[in-house]
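Here's the structure, in structure tokens; my notes come after.
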Amino acid sequence: MAVMREIRNIVILTGAGISAESGIDTFRGAGGLWENHRVEDVATPEAFARDPQLVLRFYDMRREAIQTRQPNAAHTALARLDAEWPGDLLIVTQNVDDLHERGGARRVLHMHGEHLKAWCTRCDSRHAWSDPLVDRPPCPKCGARSLRPDVVWFGEVPYHMDRIYRALREADLFVSIGTSGAVYPAAGFVQNARELGARTLELNLEPSQGSRLFHESRLGPASELVPAWVDELLAG
Ligand code: APR
């Protein structure tokens with residue numbers, strides 16, 4: 001039997017499932033976002049070019065909604081792990097909400113961008129943003145009415161990939177929480193980490209598409225599974 005390597009460096013991937021119990025719709029579940037709005041109508045650069053009002057209204061609605069939601073026990077448990085874990089730790093989230101940060105986590109990367117930021121496509125500046133964009137406000141830096149949500153749309157390259165792959169190379173443990181494993185490159189992280197010798201664990205309501213790639217899979221709501229796993233890990 002292979003000897004388990006000591007866990008020092010951890011990479012945690014989170015998806016919409018970790019925010020579901022905070023009242024934010026997942027993408028592919030029943031009642032999920034794309035059932036009301038087809039993904040190709042809102043989350044592509046082509047859709048934005050074709051109908052910017054629709055896309056901006058849609059993201060304005062989401063930006064407003066997340067500001068009324070609160071982190072749940074899964075977010076705060078990860079924040080505790082972040083604060084107490086002595087080794088390297090990186091929370092890579094596909095989520096564009098800010099619930100990890102409001103839950104207290106610090107070592108967080110948003111690979112799909114953030115609802116609460118606007119990006120000026122004219123001067124390439126980024127700005128903290130909590131108001132609507134549909135009325136095309138001017139960019140605070142250059143004045144152009146060229147702001148869009150700072151979120152990664154289908155067909156665009158996710159953010160921070162170099163840092164993420166570097167962390168995966170160093171990881172002793174890779175944990176995936178609340179993601180369906182339907183969207184690459186995040187869906188491929190488990191394989192990357194595993195090939196490089198990390199132990200892999202999935203915490204999800206139901207088996208994800210890549211469930212069989214994990215050494216271990218625990219099924220249930222994130223608000224229960226994540227605090228229990230964090231307790232276990234911190235207890236050594
Ligand atoms: N606890 C744990 N897992 C849950 C919970 C919960 N309370 N509720 C739902 N889940 C699980 C579902 O079983 C599903 O496997 O969360 C997963 C959510 O999957 P998706 O809706 O596909 O969300 P995600 O994997 O984050 O989507 C990836 O797709 O459209 C894009 O850019 C968008 O970042 C998003 C990406």
Side-chain angles (χ1 to χ4, degrees), residues 12-48 55 58-59 61-63 65-66 69-78 91-100 103 108-117 119 148-161 164 174-191 200-214 216-230:
I12 299 163
L13 172 70
T14 67
I18 198 167
S19 295
E21 291 164 82
S22 295
I24 298 178
D25 287 342
T26 62
F27 294 93
R28 293 174 183 79
L33 193 58
W34 308 129
E35 293 181 3
N36 302 326
H37 294 269
R38 291 189 315 148
V39 57
E40 56 271 32
D41 288 340
V42 287
T44 65
E46 293 78 16
F48 185 56
V55 175
F58 173 81
Y59 281 95
M61 196 180 82
R62 301 284 296 176
R63 190 178 315 101
I66 65 156
R69 307 294 192 258
Q70 301 305 325
N72 65 53
H75 297 103
T76 51
L78 288 188
I91 299 169
V92 177
T93 187
Q94 298 169 88
N95 298 344
V96 290
D97 66 52
D98 62 340
L99 296 185
H100 282 304
V108 182
L109 286 184
H110 285 268
M111 65 179 289
H112 291 168
E114 296 172 67
H115 266 322
L116 294 172
K117 280 192 186 160
W119 170 32
R148 59 164 268 188
D150 191 14
V151 299
V152 176
W153 286 328
F154 284 97
E156 297 181 328
V157 181
Y159 297 158
H160 312 299
M161 292 311 294
I164 295 169
F174 171 76
V175 186
S176 169
I177 303 171
T179 173
S180 61
V183 175
Y184 283 82
F189 291 169
V190 56
Q191 217 150 1
T200 55
L201 167 67
E202 161 174 76
L203 308 176
N204 211 41
L205 197 57
E206 58 198 4
S208 66
Q209 290 188 20
S211 201
R212 64 188 169 74
L213 300 168
F214 290 84
E216 190 187 349
S217 186
R218 299 183 188 176
L219 302 183
S223 66
E224 291 172 19
L225 292 183
V226 178
W229 167 70
V230 167

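Whatever order the structure lists ligands and atoms in, that order sets their numbers, starting from 1.
Taking every heavy atom of His112 and a limit of under 4.0 angstrom, the matching atoms of ligand 1 come to 32 (O), 34 (O), 35 (C). Atoms of ligand 1 lying under 4.0 Å from any heavy atom of Glu21, numbered from 1 in the order shown and given with element: 1 (N), 6 (C), 7 (N). The ligand atoms of ligand 1 that sit less than 4.0 angstrom from a heavy atom of Gly220 are 1 (N), 2 (C). Residue contact check: Phe154 has heavy atoms under 4.0 Å from atoms 30 (O), 31 (C) of ligand 1.
At a heavy-atom distance under 4.0 Å, atoms from both the backbone and the side chain of Gln94 approach ligand 1. The backbone and the side chain of Thr179 each have at least one atom closer than 4.0 Å to an atom of ligand 1 (non-hydrogen atoms only). Counting heavy atoms under 4.0 Å from ligand 1, residue Ala20 touches it through the side chain alone.
The shortest N/O to N/O separation between Gly181 and ligand 1 does not fall below 3.5 Å. At least one N or O atom of Ala222 sits closer than 3.5 Å to an N or O atom of ligand 1. Note: an N/O pair closer than 3.5 Å links Ser180 and ligand 1 by distance alone.
A heavy-atom separation below 4.0 Å is found between Pro221 and ligand 1.
Expressed to the nearest 0.5 Å, how far CG of Leu205 lies from CG of Leu225 amounts to 8.5 Å. Distance OG/Ser22 to CD1/Ile66: 11.0 Å, rounded to 0.5 Å. Atom CD1 of Ile91 is separated from atom NE2 of His100 by 6.0 Å, given to the nearest 0.5 angstrom. Between atom CD of residue Glu202 and atom CD of residue Glu216 there is a gap of 10.5 Å, rounded to the nearest 0.5 Å. Interatomic distance, CG of Asn95 versus NE2 of His75, reported as 6.5 Å (0.5 Å rounding).
Residue Asp97 comes nearest to Ser19 through the heavy atom pair OD2-OG, 2.8 Å, listed as atom of the first residue, atom of the second, then distance.
When the heavy atoms of Gly15, Gly113, Gly178 are ranked by distance to atom 18 (C) of ligand 1, first place goes to Gly178. When the heavy-atom distances from atom 14 (C) of ligand 1 to Asn204, Thr26, Ile177 are ranked, the shortest goes to Asn204.
Scanning for side-chain contact (heavy atoms from CB on, under 4.5 Å) contacts around Ala186 gives Leu13, Gln94, Met111, Phe189, with sequence neighbours left out. Pro149 is linked by a side-chain contact (heavy atoms from CB on, under 4.5 Å) to Leu56, Tyr59, Arg63, Leu133, Val151, Trp153, counting only residues two or more places apart in sequence or in another chain.
Under the 4.5 Å side-chain criterion, counting only non-hydrogen atoms from C-beta, Val175 is in contact with Leu203.
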